[in-house]
2 protein chains.
Amino acid sequence: MEITLSPIGRLETPFNDIADMPIQTSVLADTCGKAVLDEKFAPGLKDLDGFSHIILLFLLHKISGYQLEVVPFMDTLPHGIFATRSPKRPNRIGMSIVRMESVVGNIVQFKGVDMLNGSPLLDIKPYYSYFDQQTQVRNGWLEGKTLRPENLRSDKRFES
Amino acid sequence: MEITLSPIGRLETPFNDIADMPIQTSVLADTCGKAVLDEKFAPGLKDLDGFSHIILLFLLHKISGYQLEVVPFMDTLPHGIFATRSPKRPNRIGMSIVRMESVVGNIVQFKGVDMLNGSPLLDIKPYYSYFDQQTQVRNGWLEGKTLRPENLRSDKRFES
């Protein structure tokens, strides 16, 4: 079974290379990005501006192939790809929760950039605390990691 | 530009019809579901069992076509599709955060089911509180809604 999707637009960010990119949308990161939708989808953004956070789904377009075990940036040991947020996944869909700044026409400005410039945008969903802010969370191998992800930058390990 | 994806497996749930399905993975819902991966992907599940919550990305396979404005279950007014979690989106990708129960071989058992039986599974990501548990959240039009989503069931409005 093959599934065919079409991007609804693309992400504009300051990062053109995988190397040296932030590995997450740190709450400290004030770097701005834009989701530029095809103009025909602009009416779908109505009322998005009331939300403080949005979920971006996008294609990790510079990744090719997958690895079922990877050593992620946050550890020195290998973990199953589905137990990590690493990009070398069978379906290379990235998901980032970012802080929304504004919606003007077909353009959504946001803060917290951990995606490559030109990434094809697949979907925007509102972050809703009742659904998405889970409590009593156990973080598996990430629990108690003292690495601060906002200080980490991507290296070349996941370049295709 | 067309993007081609292949499912990594499928979701098994008690819900075969859109009508009467829960509209979200309520924290009260103890209904069990299974993510059944193709066996070749089983090694990618290593260490997932340490996480209490996982993010499922799947195809909303019974939805066809999209609407740029919808009246979602949580309101009586229309909102832009990207300001809702409604299924009639340009790329019909569903995202649910569910409680993980167990990982055995290629099968992940979880609780909190709001997806149709047979939904093609696209990705599993670990829920990581540092990335996903956002604070100081404003919920836009959903703020202060007194409807309790765990009491709502789907109707036929999004059937194709």
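Letters go in sequence order (proteins before strands), and every chain restarts at 1.
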Between B:Leu48, B:Val108, B:Ile3, B:Val70, which has the largest tally of heavy atom pairs under 4.5 Å with chain A?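 The residue among B:Leu48, B:Val108, B:Ile3, B:Val70 with the greatest pair count is B:Ile3.
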
Report the option among B:His79, B:Arg92, B:Glu143, B:His61 that has the most heavy-atom pairs separated by less than 4.5 Å from atoms of chain A.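 Answer, by heavy-atom pair count under 4.5 Å with chain A: B:His79.
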
A:Tyr127 side chain to B:Gln134 backbone, donor-acceptor under 3.5 Å: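 Present.
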
Does any N or O in the side chain of B:Arg89 come within less than 3.5 Å of the main-chain N or O of A:Ile124, such that one atom is a donor and the other an acceptor?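 Yes; judged by distance alone, with no hydrogens or angles, the pair exists.
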
Extract all donor-acceptor atom pairs below 3.5 Å that involve side chains of residues 33-44 of chain B and protein atoms in other chains or at least two apart in sequence.
none

Under 4.5 Å, heavy atom to heavy atom: which of residues 49-57 of chain A reach chain B? Give them by number, or say none.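 Near chain B, by residue number: A:Asp49, A:Gly50, A:Phe51, A:Ser52, A:His53, A:Ile55, A:Leu57.
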
Which atoms of B:Thr84 approach chain A - backbone, side chain, both or neither, heavy atom under 4.5 Å: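 Answer is backbone: N, CA, C or O of B:Thr84 sit under 4.5 Å from chain A.
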
Non-hydrogen atoms of chain A under 4.5 Å away: do they reach the side chain of B:Leu59, the backbone, both or neither?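 Interface part for B:Leu59: side chain.
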
Hydrophobic cluster membership, A:Phe15 vs A:Phe73, 4.5 Å side-chain cutoff: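 Both belong to a single hydrophobic cluster.
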
Out of curiosity, does B:Ile107 fall in the hydrophobic cluster containing B:Phe110 (side-chain heavy atoms, cut-off under 4.5 Å, transitive links)?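 Not linked; separate clusters.
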
[X] to [Y] - nearest heavy-atom pair and separation:
{"X": "B:Gln133", "Y": "A:Val137", "value": "NE2-CG2, 3.8 Å"}
{"X": "B:Asp47", "Y": "A:Trp141", "value": "CB-CD1, 4.2 Å"}
{"X": "B:Pro78", "Y": "A:Lys46", "value": "O-NZ, 3.3 Å"}

Residue part contacting chain B, namely of [X], when any heavy atom lies under 4.5 Å:
{"X": "A:Ile93", "result": "both"}
{"X": "A:Glu69", "result": "side chain"}
{"X": "A:Met95", "result": "both"}

Heavy-atom pairs under 4.5 Å with chain B are the metric here; pick the option from A:Asn139, A:Asp132, A:Leu68 that has the most.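 When all of A:Asn139, A:Asp132, A:Leu68 are compared, A:Asn139 has the most.
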
Can you tell which of A:Val103, A:Leu142, A:Leu122, A:Ile8 has the highest number of heavy-atom pairs within less than 4.5 Å of chain B?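 The residue among A:Val103, A:Leu142, A:Leu122, A:Ile8 with the greatest pair count is A:Leu142.
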
Inter-residue atom distance A:Met1.CE - B:Ser6.OG, 0.5 Å rounding: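 Reported to 0.5 Å precision, the distance equals 9.5 Å.
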
Look up atom CD in B:Glu2 and atom CD in A:Glu2, then write down how far apart they are to the nearest 0.5 Å.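 The distance works out to 10.5 Å.
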
Starting from B:Val104 and following side-chain heavy-atom contacts under 4.5 Å between hydrophobic residues (I, L, V, M, F, W, Y), which residues can be reached?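 B:Val104 shares its hydrophobic cluster with no other residue.
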
I'd like to know whether A:Lys125 forms a side chain to side chain contact (heavy atoms under 4.5 Å, CB included) with B:Ile81, so could you lay out the CA-CA distance, the side-chain angles of the two residues, the decisive distance to 0.1 Å, and finally the verdict. CA-CA 8 Å; A:Lys125 298 181 194 283; B:Ile81 186 72; over 6 Å; no

Is a salt bridge present between B:Arg85 and A:Asp123, judged by a nitrogen-to-oxygen distance below 4.0 Å?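 Salt bridge absent between B:Arg85 and A:Asp123.
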
A:Asn91: partners by side-chain hydrogen bond (donor to acceptor under 3.5 Å, both in side chains), with sequence neighbours left out: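 So A:Asn91 forms no side-chain hydrogen bond (donor to acceptor under 3.5 Å, both in side chains) with any residue.
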
